[in-house]
There are 2 protein chains.
Amino acid sequence: MKAVVKPVSEVPATIYDVAQRANVSPATVSRVLNGTQPVAPATEQRVRKAVAELRFRPSRLGVALAERKHAANGIVFPDLSGPFYTEVVLGYEEMAAERGRSVLILSTRDREDAAQAVLSLADRVDGMVLFGRTVSDEVVREVVATGIPVVLLNRPAVAGTDVITTENERSAYELTEHLLSHGHRRVVYLGDPNASADAAGRWAGVSKALKEAKRRRLIAPCGADENAGYTTATTLLQAPNRPDALVCFNDEVALGAMLAAEELGLDVAITGWDDVMAARFARPALTTVRQPMRELGALAAAALDERIAGARTELIHRVLPTELMIRNSCGGHSA
Amino acid sequence: MKAVVKPVSEVPATIYDVAQRANVSPATVSRVLNGTQPVAPATEQRVRKAVAELRFRPSRLGVALAERKHAANGIVFPDLSGPFYTEVVLGYEEMAAERGRSVLILSTRDREDAAQAVLSLADRVDGMVLFGRTVSDEVVREVVATGIPVVLLNRPAVAGTDVITTENERSAYELTEHLLSHGHRRVVYLGDPNASADAAGRWAGVSKALKEAKRRRLIAPCGADENAGYTTATTLLQAPNRPDALVCFNDEVALGAMLAAEELGLDVAITGWDDVMAARFARPALTTVRQPMRELGALAAAALDERIAGARTELIHRVLPTELMIRNSCGGHSA
DNA sequence: TTGTATGCGTTATCAA
DNA sequence: TTGATAACGCATACAA
C-alpha cells in the first residue's frame, strides 16, 4: 500500500510542509538546515529527502524577521560616472559577498529626497557606508541614531562613525612641487574647496607648496566635471597674465581644460586626479593621482562587518595612500 | 494628575508600543500610517503624536513578511569596469527608486559560485535583471522557476523572460560600409562571436557588409579588454598582408589596438563600440557606436515593475537603437 | 470608525 | 535527540 504523499505544488513549500513530509517538527528541519543542533542521522536523511522533493528554500523574509537582521549592507554614493565610485562599489560588493552579505545601492545624484532615501535605506540594512557629498551631517547623525554602524568614505567624521579616506594634501603638495621644479611659475588650482573635503585637502597641498616656493596661491573655483573644466580654463587662459600650469580637482576637469588649451593653441601644464582611463589615452597623456579605489571599498565592507558582528567597538579612522602618475601633460617630459 | 507615560527607550518602538501610547489598537496605527482605511481625525492625531514621540519607524522586516514581498529588485552584471554596466545600473537604480524599490547588486566577475550567488539573490528580491555573460541558461531557468520575473539584457531569451537588447548587427554593418567607402580593403574584426551575443551580432553585421562588398571576411578572435586588443593587433599588424582597418568589439579593444598601431608607427583605421570617455580623448579620436545605456537600465526596471505588479503578463522583447559616432580613427576624416 | 485575532515563515527556548 | 510553542513586527480579514 503506497503512502499518501503530498504532491509537489507550485506554491513554495514552507518549513512546515517539509516537517510534515519528513514526520518531524519544524524545529528539527531548521536544525538540519542550519546545523545548529545535532540531529540523528536517520532523521536528517528524511529531512533532506523531503527538502529536495519539495524543492524547499527557506524564506528570506521569515529568516530575516526571526533573526532580526537583513544580512545586507548599503552603500550611498553621489554618482557612478567615472571609475572612482564604480570601482569602490565593486570592491565593496566583492568583500560583502565573501561575507555572505548582499549590498543595496543608492545614488543620491540630484535627488531631492536624498535624505529620505538614505533613511529608508537604513531600515533595510544592517549597516551602511556613505560617501562624502551625498547627504548632510544632520542626516548622517540620524542614520547613526537608528543604531546601525556607519562608515564614512572621503568625508570628515561624524560622531559614532568609522572613517576611511584617501590621502589628498601630501599628493597635491608633491604634484605642485613637481610642477614648480619644471619651471612653471604661475600655477592655479581648479576646484572648489567648499564643495568637498577632497577638494579642500587638495587645495591645502597645492597651497602649501606654492607658499613654500613663495609663489602666489591662485585658485579658480570650478565644478567637478569636464564642462566646468573646459569653461574655467577657457576663461583663465584668455585672461592677461595667464597661468602656465593648472592643477585640476580631478581628471574630468583636467581633460576639459586640455580641450580648452588645445583649442586656444596654448601650451600649458595640466594635472588631474583619479587616473581615469581617458587620462592614459589623452595626448599628451595626463599626469594624475591614483587612489586605491578597490581597496577603499573592500576596507569599508570589512570595517562595517566588524562592527555589525560586534567584533570591534572602538571607531577607526584610516587614511589610504595615493600614488602620483607622472606622464606628459605636466611639461618637461617630452610631450 | 499626570498620565503614566512610557519613557522613550533606546530599543526601537513597535507598532504595539505606539498603539498602547495612543490608546488604540495596532490595526489603527497601521491604518493611519498606510492610509489604508479612514480613521477619525482625533484618533489620527493621537496616533501621529505617539509615533513622533516614540520615533516609531515600521520594521521593514515585519512589513516585508506580512506583505510577503521585498520591495527590492536585483541586478546581476559580469563586471562594472567601463561605463557600460555602470550607466545601465544607474538608469536601473533611478527608475527603481522612483517606484519605491531598492536595488541589490551582484557582480559575477570570475566568481566560482556565481550560480549560487544568483540563486540566493533570487530569494531576496521580487524580480531581477540579468546581463548576458553572467550565468548559464540553466541557472536562468532555475531563477525563472522560483517564480520571480526575470528580465534579460543583451542576451538571447530564455523561456519565461523579458528581453531587452541593443542593436548590434545593423550598426556594425554601417560601420563596415563606412570603412569600405573610405577605401579600406582589408578589414578584420577583433572579437569572439562565441563569447557573447553582442560579439556575435556585431560580427554578423561586419560579415554581411564584407560579403556584399565581395571582400574577404576576416576575423581575429580576441578578448574584450585593452590588453587583448593590444596583443591581437600587434600580431596582426606585423603579419604579411596586414589589415588596413580593424573593427573592434569594444572601445577597450580598439584603444589597445591603437596603442599597438602607434608603437609600430602604422596608419590603420580602427573602430570601437560603447563610446567610453577615453574614445573622445584618444588621438585620433575613436570612431565608435553609442548605446542608450541609461535607457536600457530604466526600461529594464520598468519592465520588471510591470510584471511584479502583475500589470503585464505577456513577455516583451525590445531592441534599442544605437548611434554611430564617426570621428577620426576610421580614416578619411583628417586625423 | 475601531478592535480582535490570525497569518506571514522562520528561529530559539524550554521541556520532554 | 526531538517536539511544542512562543517570539519576531507588521498587515488585514472579520467583527463589532
Side-chain angles (χ1 to χ4, degrees), chain A residues 9 11-48 50-51 54-72 100 120 122-126 146-148, chain B residues 9 11-48 50-51 54-72 100 120 122-126 146-148:
Chain A
S9 129
V11 305
T14 72
I15 200 171
Y16 284 95
D17 300 326
V18 176
Q20 189 176 343
R21 181 177 260 252
N23 257 317
V24 297
S25 73
T28 297
V29 177
S30 176
R31 292 192 265 254
V32 170
L33 261 27
N34 302 315
T36 43
Q37 272 184 48
V39 172
T43 312
E44 173 164 357
Q45 288 316 311
R46 293 210 311 285
V47 170
R48 293 208 180 283
V51 165
L54 295 177
R55 298 194 195 304
F56 172 67
R57 296 183 67 92
S59 157
R60 273 304 311 170
L61 262 17
V63 173
L65 181 58
E67 295 184 335
R68 281 189 284 187
K69 53 186 169 192
H70 305 269
S120 135
D123 293 332
R124 315 173 136 269
V125 297
D126 303 317
T146 68
I148 66 174
Chain B
S9 126
V11 306
T14 72
I15 200 171
Y16 286 96
D17 300 325
V18 176
Q20 189 177 342
R21 180 177 261 251
N23 256 317
V24 297
S25 73
T28 297
V29 176
S30 175
R31 292 191 267 253
V32 169
L33 262 28
N34 303 315
T36 43
Q37 273 183 48
V39 171
T43 313
E44 173 165 355
Q45 289 315 311
R46 292 209 313 284
V47 171
R48 293 207 180 284
V51 165
L54 295 177
R55 298 195 195 305
F56 172 67
R57 296 184 65 94
S59 155
R60 272 305 311 170
L61 263 18
V63 174
L65 181 57
E67 295 184 335
R68 280 189 285 187
K69 53 186 168 195
H70 304 269
S120 135
D123 293 331
R124 316 174 135 266
V125 297
D126 302 317
T146 67
I148 67 174

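So you know, we letter chains A, B, ... as the sequences are listed, proteins then strands, and number each from 1.
- Nearest nucleotide to the A27(A) side chain, out of dG9(D), dG3(D), dT10(C): dG3(D).
- No side-chain heavy atom of V39(A) sits under 4.5 Å from any side-chain heavy atom of V47(A).
- Atom CG of L33(A) is separated from atom C1' of dG9(C) by 13 Å (rounded to the nearest Å).
- Comparing dT2(C), dA11(D), dG3(D) by their closest approach to the side chain of Q37(B) singles out dT2(C).
- Residue contacts for L65(B): at a heavy-atom cut-off of 4.0 Å it reaches a base atom on one of the strands shown.
- Residue-to-nucleotide proximity on DNA chain C shows that, of P41(B) and E67(A), the 5′-proximal contact is made by P41(B).
- Residue contacts shown for R57(A) are limited to sugar-phosphate atoms, with no base heavy atom under 4.0 Å away.
- Taking atom CD1 on I15(A) and atom P on dG9(C), their separation rounds to 11 Å, with Å as the unit.
- Closest approach to the S30(B) side chain among dA11(D), dT2(C), dG9(C) is made by dA11(D) (side chain taken as heavy atoms from C-beta onward).
- In this structure a side-chain-to-backbone donor-acceptor pair under 3.5 Å is missing from R46(B) to V24(B).
- Here T28(B) reaches the OP1 or OP2 of dG3(C): one of its side-chain N or O atoms lies under 4.0 Å away.
- Nearest to the side-chain atoms of P58(A) among the listed nucleotides dG3(C), dT10(C), dT2(C) stands dT10(C).
- Atom CZ in F56(A) sits roughly 12 Å away from atom C1' in dT11(C) (whole-Å rounding).
- Atom CG of L61(A) is separated from atom C1' of dG7(C) by 13 Å (rounded to the nearest Å).
- Looking at R124(B), its side chain does come within 3.5 Å of a backbone N or O of A71(A) through a donor-acceptor pair.
- Counting atom types as modelled, R31(A) pairs a side-chain N or O with a base atom of dG3(D) as donor and acceptor under 3.5 Å.
- Straight-line distance from the CD atom of E44(A) to the P atom of dT1(D): 11 Å, rounded to whole Å.
- Pairing each heavy atom of R57(A) with each of D123(B), the nearest pair is NH2-OD2, 2.8 Å.
- Which of dC8(C), dT10(C), dT2(C) sits closest to the side chain of A66(A) comes down to dT10(C).
- At a threshold of 4.5 Å between non-hydrogen side-chain atoms, the residues T43(B) and T28(B) count as touching.
- Place A40(A) and P26(A) on DNA chain D by their nearest nucleotides, and A40(A) ends up nearer the 5' end.
- Spacing between atom CD of Q20(A) and atom C1' of dG9(C) amounts to 15 Å, rounded to whole angstrom units.
- Residue R68(A) places its side chain closer to dC8(D) than to any other of dC8(D), dT12(D), dT10(C).
- Atoms NE2 and CG, from H70(B) and L61(A) in turn, are 4.5 Å apart once rounded to the nearest 0.5 Å.
- One atom, NE2 of H70(A), and another, P of dC8(D), lie 16 Å apart when rounded to the nearest Å.
- For the pair G62(B) and R46(B), nearest-nucleotide mapping onto DNA chain C gives the more 5' position to R46(B).
- Among dT2(C), dT2(D), dT10(C), the nucleotide with an atom closest to any side-chain atom of V39(B) is dT2(C).
- Checking the phosphate oxygens (OP1, OP2) of dG3(D), a side-chain nitrogen or oxygen of S25(A) falls inside 4.0 Å.
- One can place CG of N23(A) at 9 Å from P of dG3(D), the figure rounded to the nearest angstrom.
- Residue V24(B) is in sugar-phosphate contact alone, with no base atom involved, counting any heavy-atom pair closer than 4.0 Å across all strands shown.
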